[in-house]
Structure formats: structure tokens, C-alpha cells
2 protein chains.
Amino acid sequence: MSSSPVPRVPESRSERKERTRRAILDAALDQLADESFGSLSLRRLTKQVGIVPTAFYRHFSTLDELGLALVDESFATLRAMIRDVRRGEPAPDTLIDRSVDVLSAQLDANMAHFRFIGRERYGGVTVVREAIARELALFERELATDLARMPGLERWGAADLALLAGIFVNLMVAAAGEMVSPEAEDAAVRRGIEDTLRRQARMVVVGAAGWRPLGG
Amino acid sequence: MSSSPVPRVPESRSERKERTRRAILDAALDQLADESFGSLSLRRLTKQVGIVPTAFYRHFSTLDELGLALVDESFATLRAMIRDVRRGEPAPDTLIDRSVDVLSAQLDANMAHFRFIGRERYGGVTVVREAIARELALFERELATDLARMPGLERWGAADLALLAGIFVNLMVAAAGEMVSPEAEDAAVRRGIEDTLRRQARMVVVGAAGWRPLGG
DNA sequence: AGTTTCGGTGAACGCATGTTCACTGAAAGG
DNA sequence: CCTTTCAGTGAACATGCGTTCACCGAAACT
């Protein structure tokens, strides 16, 4: 369970420091599967890492700072995802399926990050909640510019594109939030959630194509 | 701040008990504006109520039970809302506006309930999260049967209606979650969130009317 | 009037919390 | 080789935690 900093092979100081920092972030993500950030305990956290409580302060000056680091990391994952989608040619009719496939793959690889965003988006710790809101707004704008290139949406105004992007982000984060539940560790349940997301996204985007192209 | 049980007018025993129970629920809802249920403290809670910590156990056998009571209460509010919408004649073209108006009014009157649902839906306390998921699934089904009566959706299958209902619930809970932020106490920000919800709901339902009527 | 019921009290319990401080020992740098 | 740097240590701190228990006093019941 604990990934303690045991230098089997001699390490440089900075290597060791980075490894401990990683271990703290990983332990936090692990414990955040079962509780909210607001109820994280420094002592339980450091115990899992295998260091003494005070050593934590060598890496973060406060627990809130840990939270912000987790937000950064989680949104790095999210941005990597959208880059992954763009990398494939944007054949518009397969875009949704491709997007959901990528999301599904990223959910597998980085479940803790998505769970963190879903859980703390409206969570109790103000500084974390605000950081997520900020990043999510940024992500939403990125998504809106991507949507602008889709067939049927070329002539949409920025306001409508923003609304649509907001809908997709809500669907995505909600799906990520569903994955929080222990049941979702069952592959079949996971598939069901993904499938619902896929169908809902398709429903929205196909519907949107029939939406009046301009106006606010 | 504290609404302590001071019997200015003589009360019956059951009246007093009910009043204290209410005070506990209200104090909890109040404190849950700033933190998650998982980090609620029995001592801070009872201090705000104006009773001694042990007195709490005269009303709830555990904090989790308090959480479940809050879930019940919050969904009673939500159900009252959908009843309110139905009470007006279901003139389909004004239904969205009417729904969002009702939601807005209910958000004013019962903000703490919606905030609770939004915040704990994916929160850290399993028993509360599961109770909300259960109630939300129920609400979703109710909504789906209402949607079935809307023009353009009469011939939809149950599966598609469920998907659509899920989209609406996500939009609604997300909007409720946005209200969590202290900024949302500014009326203009509130209006903005409501307006976004209104437009997104309209976008989805108008789009949905253009969706293929059958299939899975 | 006498007895029972019960919501609220206050002390006490053992334990976990975040943060402080002077410290150690090995890596880094002169 | 000697000095400086610094991640991690361990004791100590005051504070807050949930829960227990015997107790009180007024309402409720007979």
C-alpha cells in the first residue's frame, strides 16, 4: 500500500524529492477515492506515503497547495485528452465516437484525476472548487472553438457555441462523477456509463444541427 | 446565528423536540454551504443549534442518519417543484420557460437543498451519495414520463426518453451546483446561471425534436 | 398527587488533528 | 576535505473530535 521512499538504488537529492512528491500526490488521489478533499488528513496521508507528517511541508506549504497541484495535474490529463482527439483527422461523423473512445481510454488510465474533478467540482473546499471552475471554463472555451469547425455549426455564434460546449462538459463531468461509485469498477457498469454518455452526446449534437444557426 | 431552543411560549414536549430537530437540520444545511458533509463536525453543529453535543443523539442515532434525512428533505423539495410545473397546463411551447421559472423560484426558497444535492451527489460519504443517486434516478424516471407527453416526443422509445431526461437532470444539478459559489449570491450572477440553463434546456429540447423518433 | 418519560446537561474518555521546533545524516558544492 | 544544504525525523503543543454515562427537571400520564 505505501510507496515509501526507500532508496534501493542510490538516488540524487532531486530525484528523491520528486519521487516523494509523486508519492504524496498518488497517495492523495488514492485516498480521495473514498473521501472528499476537505476531509483529507495530513497524518493519514503521510502515513500512507511512508514519511513523517512534518516532511509533507518540505513539498507543499499547506494542504490547499496540494489541492491546487492536483487540479493542475488533472487538467493536464484533460488537455492531453482533447489533443488526442484532435490528432486524428476530424472526420465529423465519427468525431463523437472517437471522442468518447478517447475519454474512455483516458478514464481507464487516469480515473483518479477525473474522479477528483467530478467530486471536487462542487465540493466543500473553496480554493479547490474555484480552481476547477477556472480550468473548466478554459477547457469549455477550447472545446467551443473545436465545435465551431463541425459541419452544421460553422455559422453558429460564439454564444451558442459556448452553451453547447457547456452541455458537453456537463455530460462529461457527470459521466466522470458516475465512475466514482464502487459499482463502476465492474466493467459492465463502466460500459453502461460510457454508452449513456455516447448516446447523450450524439443526441445533443445531432439535435443541435437542427437548431437555428444564429441568434442569442 | 444560533437558533437555540428557548421556550418563550410554553411548548409541548413533541413541539419542542420537532423544533430542535428542525434547528439541527437547518444548522447542518447552513454549515454545508461552506464544507462537505464528510467534514461536518458534531460539536460545531450542536454549538450552532445551541444544544450540547450529546443532545444530538436524541434525534439522530448517527451523523449518517442526519445525511439521509437531508436527502429525503431535499428531494421532497425537488418533487414539490415538478408538481408545481405540472400544476400549470402543460402548454408545450412555454414548458421550458415555466420549468426554469419554477426552478429559479425554488432555488431562491430552498437554495440549501439544491446545494446539498449538487455538492454531495459525487461527494465523499458513500451512504449519502448512494441515497442521492437512488432518488435522482427516481426523479429522472418521473421526468421521462412527463417528457413523453411533449409534442415531437410522443413516438420516442423509453430508452431515448431516459437519455433525454438524464441530460436535463445533469443540466439542472449542474446549475444548482453553480449556485454554490459565493459569487452566485450576486443577483446578476444568479440570473446569468439561470439564463444559461434556460438556453441550454431550450437548445436540447428543440434539437431533440429533430432527432430520429425511434431506435436505440 | 405520585410516577414515569425523556430532551437536554456536563464531565470525562481516549484518540486524531495541524503545526512548531531543534535535530540528523547524507548529498552537493567549494 | 570541509562546509553548506536540505529531505526527513521525532517529541511536544494545544485543540477538536465522537461517544459514554449518570444526572436533572419539567412535561405527560395514571
Practice prompt. Answer yes or no: are there more than 12 heavy-atom neighbours, outside B/E73 itself, under 6.0 Å from its atom CD?
Written response: yes
Practice prompt. Please report the shortest heavy-atom distance between A/V173 and A/G118, naming the atom on each side.
Written response: CG1-CA, 4.0 Å
Worksheet entry | Nucleotide D/dG8, atom C1' - distance to CD of A/E15 in whole Å | 17 Å
Close N/O contacts between protein and nucleotides 17-21 of chain D (under 3.5 Å):
residue : atom : partner : partner atom : Å
D/dC17  : OP1  : B/S41   : OG           : 2.4
D/dG18  : OP1  : B/L42   : N            : 2.9
D/dG18  : OP2  : B/L42   : N            : 3.1
D/dG18  : OP2  : B/R43   : N            : 3.3
D/dG18  : N7   : B/R43   : NH1          : 2.2
D/dG18  : O6   : B/R43   : NH1          : 3.0
D/dT19  : OP2  : B/Y57   : OH           : 2.2
D/dT19  : O5'  : B/Y57   : OH           : 3.4

Worksheet item: What's the closest nucleotide to the A/H59 side chain, out of D/dA28, C/dG8, D/dA7?
Response: D/dA7
Worksheet, complete the sentence: Picking from D/dA26, D/dT9, C/dT9, the nucleotide nearest the side-chain atoms of B/R13 would be D/dA26
Worksheet item: Hey, is A/D84 close enough to A/R87 for a salt bridge, meaning N to O under 4.0 Å?
Response: yes
Worksheet item: Would you call A/R190-A/E185 a salt bridge at under 4.0 Å N-O?
Response: no
Worksheet item: In terms of side-chain geometry, is the basic nitrogen of B/E18 or B/R22 positioned less than 4.0 Å from the acidic oxygen of its partner?
Response: no
Practice prompt. Report yes if at least one side-chain N or O of A/T20 is closer than 4.0 Å to OP1 or OP2 of D/dG8; otherwise report no.
Written response: yes
Discussion item. Output the rounded distance in Å from CZ (B/R21) to P (C/dC6).
Written reply: 17 Å
Discussion item. Measure CD1/B/I24 against P/C/dG7 and give the value in whole Å, please.
Written reply: 11 Å
Worksheet item: In whole angstrom, what separates B/K17's NZ from C/dT5's P?
Response: 15 Å
Item to complete: Give the rounded distance in Å between these two atoms: CD of B/E18 and C1' of C/dG7.
Response: 14 Å
Discussion item. Judged by each residue's nearest nucleotide on DNA chain C, which is more toward the 5′ side, A/S14 or B/V52?
Written reply: B/V52
Worksheet item: How long is the line joining CD1 of B/I51 and P of C/dG7, in whole Å?
Response: 12 Å
Worksheet item: Distance-only, no hydrogens or angles: does the B/R119 side chain make a donor-acceptor pair with backbone N or O of A/E120 under 3.5 Å?
Response: no
Discussion item. What is the distance, to the nearest angstrom, from the CD atom on B/Q48 to the C1' atom on D/dG16?
Written reply: 17 Å
Worksheet item: Hey, is B/E135 close enough to B/R79 for a salt bridge, meaning N to O under 4.0 Å?
Response: yes
Worksheet item: Can you tell me how far P of C/dG18 sits from CG of A/D64, to the nearest Å?
Response: 12 Å
